[in-house]
Amino acid sequence: MGFNKMGRMKHGPGTSVGIVGGGQLARMLALKGHEMGLTVRVLSKASSDPAAQVCAGWVKGDPENRRDLTSFFKKVSVITFESEFYSGRLFSEISKKTRTRVRPSPRIMGLLQDRLSQKRLFVKYGIATSEFVSVSDPVEAFEQLGPCVFKTRMGGYDGYGTFVVKKKRDVASLKGGPFIAERFIPFKSELAVSLVRDTTGKICVLPLVQTHQENSRCRWVKGPVGHRAFLPLVSRLKKMLTAEKYEGICAFELFDTGRELLVNEAAPRVHNSAHYSLDALDEDQFTLHMKAVVGASVPLCTAMAAKGFAMWNLLGAGTRPPIWNYPQGVHLHWYGKQECRPGRKMGHVNAVGKSPNDALASAKRGAKEIRL
């Protein structure tokens, strides 16, 4: 397996792809990679990890250990990852040493994993986002912005490292950092979209969807939804991905203020907000990402299975043994996690229907059959 005269990877059965990380995102990437005829390897710490359970090419190792990463990079033709919070600098150094490509690139991983450089990237390409400041003094930041959201610059997800501060006296309760502060946005709803760019520059745009959070964790997704600001936003997102020579999928979380769409955050990986695609589209986000990773072509858009679709996350309660009644008329995706902690994503249910609301009602009914 090598590269053609254009510098693009020769892809096909047997092409070896390494996935760094062993969680549910890596699990679904590995499963789709197997369907595509790829040779998939997964680097994670334990054989009980969700991705390790479904991958004969599992490699025991620490994704943050230089020696383990170097050895893993040498085993495959191209690397991708399930989390943007690994060291972009370390990935870059090892990639150059082993001559193993990483997609998306370590450079863009580094830019997007830091919320400050991520916001600056949005500004660079004219992508609307909330007003923000880099925080050296939290009190000064609050005085400048008023009610705001403090976020740790690195490592935050599912509400971790995010603090809403509406009164100046509450600034004193902040712990950790360094922070970025963003002006508080009183949005109407939260939306999301994922774009996939292949190595030839073609970009596939997935449908715009609505997401709903409970306790800072995504509970459900439904779509497709329409918005007058969607196409202008997509144009700017495409401009950014093209200029940055992005390769792979990138997910964008949005605020709908009623007047405009603001990009809240971006993630250079497959994303919870596009899990619906496993059953609602003719090509799902995991397949599209793996195509882009190995240098195959992606379509400009994907056909939908029905007029509406939805996804309902199965979150652990941890208060009783799980009760299983396999749901009818929906699609269950179980992650194989060993411990059912409160709030932990254990799986999800997908449904399609005559409308987004119809599909959401079906997904909710199906999810109630599995009590965690």
Side-chain angles (χ1 to χ4, degrees), residues 23 25 64 81-89 104 107-194 211-219 233 237 240 244 250-257 260-273 313 343-345:
L25 300 181
E64 298 180 358
F81 46 87
E82 72 160 3
S83 169
E84 67 271 33
F85 297 123
Y86 301 125
S87 171
R89 177 189 56 78
R107 182 187 64 82
I108 201 72
M109 178 204 287
L111 284 173
L112 293 181
Q113 69 187 187
D114 183 333
R115 285 184 165 122
L116 179 59
S117 56
Q118 181 183 126
K119 285 282 191 179
R120 288 172 173 166
L121 197 64
F122 297 158
V123 171
K124 178 179 178 180
Y125 292 102
I127 297 168
T129 190
S130 57
E131 184 182 354
F132 66 94
V133 295
S134 177
V135 177
S136 55
D137 183 330
V139 173
E140 288 183 4
F142 184 87
E143 289 176 344
Q144 180 175 342
L145 295 176
C148 59
V149 181
F150 286 87
K151 298 178 179 179
T152 54
R153 285 176 52 182
M154 303 287 287
Y157 69 98
D158 283 350
Y160 295 112
T162 299
F163 309 91
V164 178
V165 178
K166 294 188 176 181
K167 296 182 180 179
K168 185 175 178 179
R169 64 173 180 267
D170 295 331
V171 171
S173 64
L174 287 173
K175 292 182 173 58
F179 291 106
I180 179 176
E182 304 174 7
R183 185 182 298 279
F184 182 80
I185 302 297
F187 54 84
K188 272 182 55 179
S189 63
E190 294 181 82
L191 307 178
V193 66
S194 291
T211 68
H212 177 73
Q213 324 299 319
E214 292 180 4
N215 299 319
S216 298
R217 288 175 176 81
C218 181
R219 171 53 86 179
L233 172 63
L237 296 179
M240 182 184 81
E244 297 295 329
C250 193
F252 298 91
E253 298 177 0
L254 317 172
F255 291 144
D256 177 8
T257 68
E260 60 181 340
L261 292 178
L262 302 180
V263 176
N264 178 30
E265 294 181 357
R269 54 172 171 81
V270 289
H271 196 265
N272 193 196
S273 65
N313 271 325
R344 193 180 198 196
K345 294 173 183 173

The test is side-chain contact (heavy atoms from CB on, under 4.5 Å); show your working for Phe132 and Val123 and say whether it passes. CA-CA 11 Å; Phe132 66 94; Val123 171; 3.7 Å; yes
Within the structure provided, determine whether Leu112 and Cys250 are in side-chain contact (heavy-atom separation under 4.5 Å). yes
Which of these passes side chain to side chain contact (heavy atoms under 4.5 Å, CB included) with Lys119: Lys151, Lys124, Glu182? Glu182
Any donor-acceptor pair under 3.5 Å from Asn264 side chain to Glu253 backbone: no
Considering residues at least two apart in sequence or located in another chain, which fulfil the side chain to side chain contact (heavy atoms under 4.5 Å, CB included) criterion with Ala251? Ser194, His271
Heavy-atom closest contact (Ser273 atom, Thr211 atom, distance): CB-CG2, 4.1 Å
Across all chains, not counting sequence neighbours, the side chain to side chain contact (heavy atoms under 4.5 Å, CB included) partners of Glu140 are Asp137
For Met109 and Glu84, the nearest pair of non-hydrogen atoms, with its separation, is CG-O, 3.6 Å
In the structure I gave you, are the side-chain heavy atoms of Phe179 and Thr152 within less than 4.5 Å of one another anywhere? yes
Full working for salt bridge (charged side-chain N to carboxylate O under 4.0 Å, His left out) between Arg115 and Glu265: CA-CA 8 Å; Arg115 285 184 165 122; Glu265 294 181 357; 3.0 Å; yes
Let me confirm one number: the OG-NE2 distance from Ser189 to His212, rounded to the nearest 0.5 Å. 11.5 Å
Once the angle between the rings of Phe122 and Phe252 is folded into 0 to 90°, is it parallel (under 30°), tilted (30 to 60°) or perpendicular (over 60°)? tilted
Backbone N or O of Tyr86 within a donor-acceptor pair of the Gln113 side chain at under 3.5 Å? yes
Flag, side chain of Arg269 to backbone of Ser83, donor-acceptor distance under 3.5 Å: no
Can you give me the closest heavy-atom contact between Pro104 and Phe81, atom names plus distance? O-CE2, 3.4 Å
Residues in side chain to side chain contact (heavy atoms under 4.5 Å, CB included) contact with Tyr125, at least two apart in sequence or another chain: Leu121, Ile127, Lys239, Met240, Ala243, Glu244
Heavy-atom closest pair, residues Lys345 and Asn272: NZ-OD1, 3.1 Å
Donor-acceptor pair, side chain of Asp114 and main chain of Leu116, under 3.5 angstrom: yes
To the nearest 0.5 Å, how far apart are CD in Glu260 and CZ in Phe255? 12.0 Å
Walk me through whether Cys148 and Val133 qualify under side-chain contact (heavy atoms from CB on, under 4.5 Å). CA-CA 10 Å; Cys148 59; Val133 295; over 6 Å; no
Is the side chain of Thr129 donor-acceptor paired with the backbone N or O of Val263 at a distance under 3.5 Å, no angle test? yes
When rounded to the nearest 0.5 Å, the distance separating CG of Leu254 from CG of Leu237 is 7.5 Å
Considering all heavy atoms, the nearest Val165-Lys167 contact: CG1-O, 3.4 Å
Measure the CZ-CG distance between Phe142 and Asp170 for me, rounded to the nearest 0.5 Å. 8.0 Å
Nearest 0.5 Å, please: how far is CG in Leu262 from CG in Leu233? 9.5 Å
Do Phe184 and Ser130 have side chains that approach each other closer than 4.5 Å (heavy atoms only, starting at C-beta)? no
If you take all heavy atoms of Ala141 and Val135, which pair is closest and at what distance? CB-CG2, 4.0 Å
